[in-house]
2 protein chains.
Amino acid sequence: MPDTDIRVLVVEDEAIAAEAHTAYLGRLTGFVHAGTATDGHTALRLLSAAASLGQPIDLVLMDMTLPDLHGLDVSRRMRSAGLVTDIIAITAVRDLQVVRGAVAAGIVQYLIKPFTYATFAQKLAQYRDFRLQLGTPSALTSQTDVDQAFASLRTPSELPRPKGLAEGTLAAVVDFVKTRSRPISSSEVMDELGMSRVTARRYLEYLAESGSVLRSPRYGTPGRPENEYSWRR
Amino acid sequence: MPDTDIRVLVVEDEAIAAEAHTAYLGRLTGFVHAGTATDGHTALRLLSAAASLGQPIDLVLMDMTLPDLHGLDVSRRMRSAGLVTDIIAITAVRDLQVVRGAVAAGIVQYLIKPFTYATFAQKLAQYRDFRLQLGTPSALTSQTDVDQAFASLRTPSELPRPKGLAEGTLAAVVDFVKTRSRPISSSEVMDELGMSRVTARRYLEYLAESGSVLRSPRYGTPGRPENEYSWRR
DNA sequence: CACCGTTGCGGTCATACTGTTCACGATGCG
DNA sequence: CGCATCGTGAACAGTATGACCGCAACGGTG
């Protein structure tokens, strides 16, 4: 459905970086590259042109360091112009003031260069989920619904590995879950990997929390329901 | 330390609501009520006055429905003026466009009226955590750090669920009931979700008790009448 | 129209099995 | 040897299930 595709404008002065972003975009479903601007004024012009043509840009990948304007200035001018386009900031600068300003300017994600494709994809996927949740008009019925939408925007997909989890064990569990196409329970991991149920569960739970595996209760048998975990690509 | 207290401006045209918000604020540590505005222009004037006095407002509790301007307009004008003050939106309107606009205008939290003090306190506490993480200049060293800071704005805990109800199961049932426009019986939930009738009924009954779902008996067939449940918006 | 058998869901338990917690033992590192 | 990190067993708590009984409407029957 091209109708629901998210139209993306890349704002980046370095040609190589701009091409990289565009290439990354092409690998994601649901996103369309709608143009590239190499400075702030061009970006603003493209944005209003697209809006008046009835094909507004949905999302801007905005580099913060531009030749003419700072990315934050571009964002602020967009807001002044009444554009509700969402913005993902891309920057090499880890500046506190910039982050604070970014939040105030309504920037939905903040990517620090250099980043891997995986990181890029995750941030955009989160944004896509966010839009999806807001996309259905009937969805917004309660505080919880709004909270959910905000959560998908702001929950990091990659949690730092907390204490109590060993790298080797984690790798073993990840490997095991990956090889099974069927959802598995913590008991199965216990049996197959020879670890205790407690340990198996701790790792699976961490993976579920970090979003790498899907968790859902398994019904049908007496007793407390068993959670089953399946690797999500 | 009054130095680190968060200075809050309440923007609300109804006196009773404004007082309530102020009273709520007083019960929280780390926040100071810095003033109240009953319309958008006054709010903007107070904000720039405070900023030029060197005592900028850190946070605005902004009602969306004001006599002169829409809350979103006030937010946009704040951004145009270069104010990095954070904003928590308070509104009775569950409007998709408003939520989208709110995100674009850099609104950090979105509270739907009416809300309990618990909800209010939770949202503000989350905001305080967010500031705390951005407050230490050395903290921002990696993508993970930024992610963590954003994450404190997400909803960490939901309302306390009574014992005996699993979070995942409840979510599944709520989701199922929501998607059906027709009233459904516990047997249908049993069949569709693969759980037992007892379990399905327990969750439906809880939802009916808590008021999010409507319950009424269904006549016309032999046997004891069946209760049917329908989502109430 | 009053009564009664039939029917099928409502409501309650004991039960079964897992999730969760806790304190301790094992392992590694300085 | 002391400290931090991790895995484990055991005890406790949580939660879905099957079975069972009772109830409320239906539909004959007199």
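Map B:Pro225 and A:Glu226 each onto its nearest nucleotide of DNA chain C; the residue landing nearer the 5' end is B:Pro225.
Within the structure, salt bridge (charged side-chain N to carboxylate O under 4.0 Å, His left out) pairs that include any residue of residues 179-194 of chain B comprise B:Arg180-B:Glu192, B:Glu188-B:Arg218 (at least two apart or interchain).
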Below 3.5 Å between N/O atoms, which protein atoms pair up with nucleotides 2-5 of chain D? Just atom names and distances, please.
| unit_1 | atom_1 | unit_2 | atom_2 | d |
| --- | --- | --- | --- | --- |
| D:dT5 | OP1 | A:Lys163 | NZ | 3.1 |

Please list each protein N or O that sits under 3.5 Å from an N or O in nucleotides 17-21 of chain D, with the distance.
| unit_1 | atom_1 | unit_2 | atom_2 | d |
| --- | --- | --- | --- | --- |
| D:dT17 | OP1 | A:Gly220 | N | 3.0 |
| D:dT17 | OP1 | B:Ser196 | N | 3.3 |
| D:dT17 | OP2 | B:Ser196 | N | 2.6 |
| D:dT17 | OP2 | B:Ser196 | OG | 2.7 |
| D:dT17 | OP2 | B:Thr199 | OG1 | 2.7 |

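Nearest heavy atoms, A:Ala89 versus A:Met64: CB-CE, 3.7 Å. Here the shortest heavy-atom pairing between B:Pro217 and B:Asn227 reads CA-OD1, 3.8 Å. Considering every non-hydrogen atom in both B:Lys113 and B:Glu12, the closest pair reads NZ-OE1, 3.6 Å.
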Under the side chain to side chain donor-acceptor pair (under 3.5 Å) rule, what do A:Glu226 and A:Ser185 come out as? Steps first, then yes or no, please. CA-CA 7 Å; A:Glu226 191 177 8; A:Ser185 69; 2.8 Å; yes
Kindly indicate, with the supporting measurements, whether the criterion side chain to side chain donor-acceptor pair (under 3.5 Å) is fulfilled by B:Ser186 and B:Tyr203. CA-CA 9 Å; B:Ser186 65; B:Tyr203 283 89; over 6 Å; no
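Donor-acceptor pairing under 3.5 Å is lacking for the side chains of A:Arg202 and A:Tyr206.
Note on A:Tyr203: a side-chain N or O is less than 4.0 Å away from OP1 or OP2 of D:dG7.
Protein atom CZ of A:Arg201 is 15 Å distant from nucleotide atom C1' of D:dG9, rounded to whole Å. Atom CD in B:Glu167 sits roughly 17 Å away from atom C1' in D:dA16 (whole-Å rounding). Straight-line distance from the CG atom of A:Leu170 to the C1' atom of D:dG7: 15 Å, rounded to whole Å.
Here A:Ser185 lies out of heavy-atom contact (under 4.0 Å) with every strand.
Between the side chain of B:Arg79 and the backbone N or O of B:Gly106, at least one donor-acceptor pair lies under 3.5 Å.
Put simply, chain A comes within 4.0 Å of DNA chain C, heavy atom to any atom, from C:dA16 to C:dT21, going 5' to 3'.
Across B:Asp63, B:Leu61, B:Val60, a single residue satisfies side chain to side chain contact (heavy atoms under 4.5 Å, CB included) together with B:Val11, and that is B:Val60.
Take A:Thr85 and apply the side chain to side chain donor-acceptor pair (under 3.5 Å) test, not counting sequence neighbours, and it matches no residue. With sequence neighbours left out, the ring pair (Phe, Tyr, Trp, His ring centres under 6.0 Å) criterion links B:Phe120 to B:Tyr24, B:Phe115.
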